[in-house]
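Quick caveat: nothing in here was measured; it's all calculated off a predicted structure.
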Amino acid sequence: MNAFTPFALEAFMSRFEQDVDINLTESGVHPITLGEFLELSGTDPAVLSGLELNYPHVEGIPALREAIAALYGASPRQVLVTVGAIEANHIVTRTLVGPGDGIAVMVPNYLQIWGIARNDGADLRTFRLDPDRRWALDTDGLAAATGPGVRMIAVCNPNNPTGRAMPAGEMDAVVEAAERSGAWLLADEVYRGAERVGDAETPSFWGRSERV
């Protein structure tokens, strides 16, 4: 059994992030209040005040799943609501990748998927975004990491921590690598719609292959 590798980033943040006056490690923005959220959304507060606090639908309430599906042109049956992207990443990785399975992970990255694969004894491979080319995808490295035995390719787009979004050609290269190796493609798109440069929303990997 492999020695357990802790998630050093989250361990550090869990220890310090709530007790500092200025937090330079956070990847989000200052939170809004529930009242501000309701005002921005145009939701009648009476709707929320009448909400029952009970066990909901396990896969997410139908109205929410329908709304999420509409964003992607998907079916509600293809949507599972989770407690943030961390739970989604965990479920998908633990379901599809086991000991000895090949997994190719983009780096730099939020290293959750990398850590799950490492601690589960997967055959962990990485491919890089090149800092000398404004974090462009190293397509040769991608090809080398996605050879025989790779069961999953994991990308984060827009990327955490660089903020870079892959252009269409790089996205095509990732899809081609997944289809060539028969791998699943796990695309963490939690920052899609929060791009720092320009107003265009990063296209989704959803719908580009049957195993996304």
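- Within the structure, ring-ring contact (aromatic ring centres under 6.0 Å, His included) pairs that include any residue of residues 112-154 do not occur (at least two apart or interchain).
- Residue Y72 qualifies as enclosed at atom OH: its count of foreign heavy atoms under 6.0 Å is above 12.
- When every heavy atom of S181 is checked against every heavy atom of T146, the shortest pair comes out as CB-O, 3.5 Å.
- Inter-residue side-chain proximity for V150 and I103 is flagged as unmet; no heavy-atom pair is nearer than 4.5 Å.
- Using modelled atom types, one side-chain atom of D44 and one backbone atom of A46 make a donor-acceptor pair closer than 3.5 Å.
- The number of heavy-atom neighbours closer than 6.0 Å to CZ of R211, taken from other residues, nucleotides and ligands shown, is above 12.
- Other residues, nucleotides and ligands contribute at most 12 non-hydrogen atoms within 6.0 Å of the CG atom of D21.
- Hydrophobic cluster membership is shared by L111 and V92, with clusters built from Ile, Leu, Val, Met, Phe, Trp and Tyr side chains linked at under 4.5 angstrom.
- Using a 4.0 Å cut-off between charged side-chain N and carboxylate O, R151 and D123 make no salt bridge.
- Contact annotation: the side chain of V174 approaches that of F205 to within less than 4.5 Å [non-hydrogen atoms, C-beta and beyond].
- In terms of hydrophobic clustering, with Ile, Leu, Val, Met, Phe, Trp and Tyr side chains grouped at heavy-atom distances under 4.5 Å, V212 and V155 are assigned to a common cluster.
- Between the side chain of E87 and the backbone N or O of V83 there is at least one donor-acceptor pair closer than 3.5 Å.
- More than 12 heavy atoms of other residues, nucleotides or ligands shown are found within 6.0 angstrom of CZ on R133.
- The side chain to side chain donor-acceptor pair (under 3.5 Å) search around E176 returns none, not counting sequence neighbours.
- A donor-acceptor contact shorter than 3.5 Å is absent between the side chain of D138 and the backbone of D130.
- Each of T93, D188, N89 was evaluated against Q112; a single residue qualifies, N89, per the side chain to side chain donor-acceptor pair (under 3.5 Å) test.
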*Report the C-alpha distance between E195 and T202 in whole Å, list the side-chain angles of each, state the deciding distance to 0.1 Å, and finish with yes or no for side chain to side chain donor-acceptor pair (under 3.5 Å).*
CA-CA 8 Å; E195 292 79 5; T202 303; 2.6 Å; yes

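- No more than 12 heavy atoms of other residues, nucleotides or ligands sit less than 6.0 Å from atom CD of E39.
- Considering CG of L186 and CD1 of I91, their distance stands at 11.5 Å, rounded to 0.5 Å.
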